[in-house]
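Atom set for the values below is all heavy atoms of this structure, side chains included, hydrogens, waters and symmetry mates excluded. No experiment lies behind these values; they were computed from the predicted model shown. Here is the naming used below: chain letters follow the sequence lines, and residue numbers restart at 1 for every chain.
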2 protein chains.
Amino acid sequence: MIEKNTEEKIVQAAEKVFIEKGLAGARMQEIADEAGINKALLHYYYRSKEKLFEVVFKLAFKSFVPNLVKAFDGPEDFFTKIERFVETYLNLIEKNPHIPIFIINELSKNPNRLVSLISYLNIDIQPIFDVIEEEIEKKTIKQIEPQELIINILSLCVFPIVAKPMVQTILFKGYESEYNALMKKRKSSIAQFVISAIKN
Amino acid sequence: MIEKNTEEKIVQAAEKVFIEKGLAGARMQEIADEAGINKALLHYYYRSKEKLFEVVFKLAFKSFVPNLVKAFDGPEDFFTKIERFVETYLNLIEKNPHIPIFIINELSKNPNRLVSLISYLNIDIQPIFDVIEEEIEKKTIKQIEPQELIINILSLCVFPIVAKPMVQTILFKGYESEYNALMKKRKSSIAQFVISAIKN
DNA sequence: AAATGGTTTAACCAAATGGTTAAAGCGAAC
DNA sequence: GTTCGCTTTAACCATTTGGTTAAACCATTT
């Protein structure tokens, strides 16, 4: 175990606690304990809970949303792009399964957090819109609003992960192995589903 | 304004506050204020925050999940069933847009809540599985695991609502009217998307 | 009209919580 | 080795929070 510096330890501990418990449910004492430091030291580095939370939220958001845009460019065939995007994104979520719901939930409780983030990250999805519209013009895919296609792909990727407890319990009688098996299969089947839906 | 009895007022106030703020973010004092009563009276009716929360959570869950199953039986054609299901479900969500994320979030923080609920509600999705498998045998739709089809339909319905702030901000430059327009359109387009994807 | 019993309230309590203070540690510069 | 300045800690503080208590209220019964 390498000794990390205090600031690093704090951010990592804060990520763990905030993502697990949310802003309202997290406790500064728990973050301090998790980081192996004094609560006063925590406040020495980050003046308030809100400030520390903003750092964690920004990191979580950055790790998910901009990658989403990048995963969609590249030189390949449009359908291959969709396949690659789904696989890349599902792998990303698999590694951090609690981040999507963390972002969604905190944003639903305070949508204002977005305004400062978007201007700072300046996300440009126009290129993705262009690619989709091009395919529609080429008649390789059916007429669909670019936004709607993106929403559909994201829905299919993200929802089954954030709703895992319900899906696993109700649809798989509680068996995690069966849930996991389907999730593995979906790395390819989501793209096939989408392609079947839009192919001309 | 009709005078409701105290218990009713409490549950309604608790629903509002818990669904808006979550278990950790809600305050018993706020619920009492919202109900127009004393905090001691709140504890007179519901011994603890957790007990009151369980009542609210059960109500929210009941209003969503069992209706989901019911919305899928009926005598019509399978594709019509999908169309009707999506429209029914989207209308339900439209009326209570914060409930899905409330359920998803509280369940992700404490999946244990489900075990007591499922035995009490005894939800049986087998009929839906049967209908889907029948269609596959009749070759009206492509081979797909029933669970996966259900997940796909639910994903397309629920995700855009729970992720509204992100979708609206990133995909629609913040314009709620454009977001709303797409959501309205989706009451029919989701079903078309799904049908195109599975039709043989 | 007095007793009864469920309902409602003001006042209170202990624990938890975010945050502060003042002093102690401690490595680098002189 | 003493000073300087950043880092770390123990002790502390004010407020918030879930929950309790004892008394007041009030409609019904007798």
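What separates CZ of A/Phe53 from C1' of C/dG18 is a distance of 16 Å, to the nearest Å. Rounded to whole Å, the distance from CD1 on A/Ile31 to C1' on C/dT17 is 12 Å. Taking atom CG of residue B/Asp33 and atom C1' of nucleotide C/dT9, one finds them 14 Å apart after rounding to whole Å. At whole-Å resolution of the value, CG in A/Leu23 and P in C/dT17 are 14 Å apart. Note: CD (B/Gln29) to P (C/dA10) measures 11 Å, nearest angstrom. Rounded to an integer number of Å, the gap from CG of B/Leu42 to C1' of D/dG19 is 10 Å. If you measure from atom CE of A/Met28 to atom P of D/dC12, you get 22 Å, rounded to the nearest angstrom. The distance between atom CZ of A/Arg47 and atom P of C/dT20, rounded to the nearest whole Å, is 9 Å.
In this structure, the side chain of B/Tyr89 engages the main chain of B/Phe64 through a donor-acceptor pair within 3.5 Å. The closest donor-acceptor contact from the side chain of B/Ser119 to the backbone of B/Ser116 lies under 3.5 Å. B/Glu106 places a side-chain N or O within donor-acceptor distance of the main-chain N or O of B/Leu23, the cut-off being under 3.5 Å.
With hydrogens and angles ignored, a donor-acceptor pair closer than 3.5 Å exists between the side chain of B/Lys39 and the base of D/dG19.
Considering only side-chain N and O atoms, B/Tyr45 lies under 4.0 angstrom from the phosphate OP1 or OP2 of C/dT8. At C/dG18, none of the side-chain N or O atoms of A/Ser48 fall inside 4.0 Å of OP1 or OP2 (strictly under the cut-off).
Taking a pair to require two hydrogen-bonding distances under 3.5 Å in either a Watson-Crick or a G-U wobble arrangement, D/dT29 pairs with C/dA2.
Distances from the side chain of B/Leu41 to the nucleotides D/dA10, C/dT7, D/dT8 place C/dT7 closest. The side chain of B/Tyr44 approaches C/dG6 more closely than any other nucleotide in the set C/dG6, D/dT8, D/dG18.
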Check your understanding: Passes salt bridge (charged side-chain N to carboxylate O under 4.0 Å, His left out), A/Glu94 versus A/Lys164? Steps please.
Key -> CA-CA 12 Å; A/Glu94 197 176 35; A/Lys164 175 177 176 180; over 6 Å; no
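Aromatic ring pairs are classed by plane angle as parallel below 30°, tilted from 30° to 60° and perpendicular above 60°; the pair B/Phe18 and B/Phe53 is perpendicular.
Backbone-only engagement by B/Ala26 is indicated by non-hydrogen atom pairs under 4.0 Å involving sugar-phosphate atoms exclusively.
Positionally, the nearest nucleotide of DNA chain C for A/Arg27 lies more toward the 5' end than for the other of A/Arg27 and A/Asn38.
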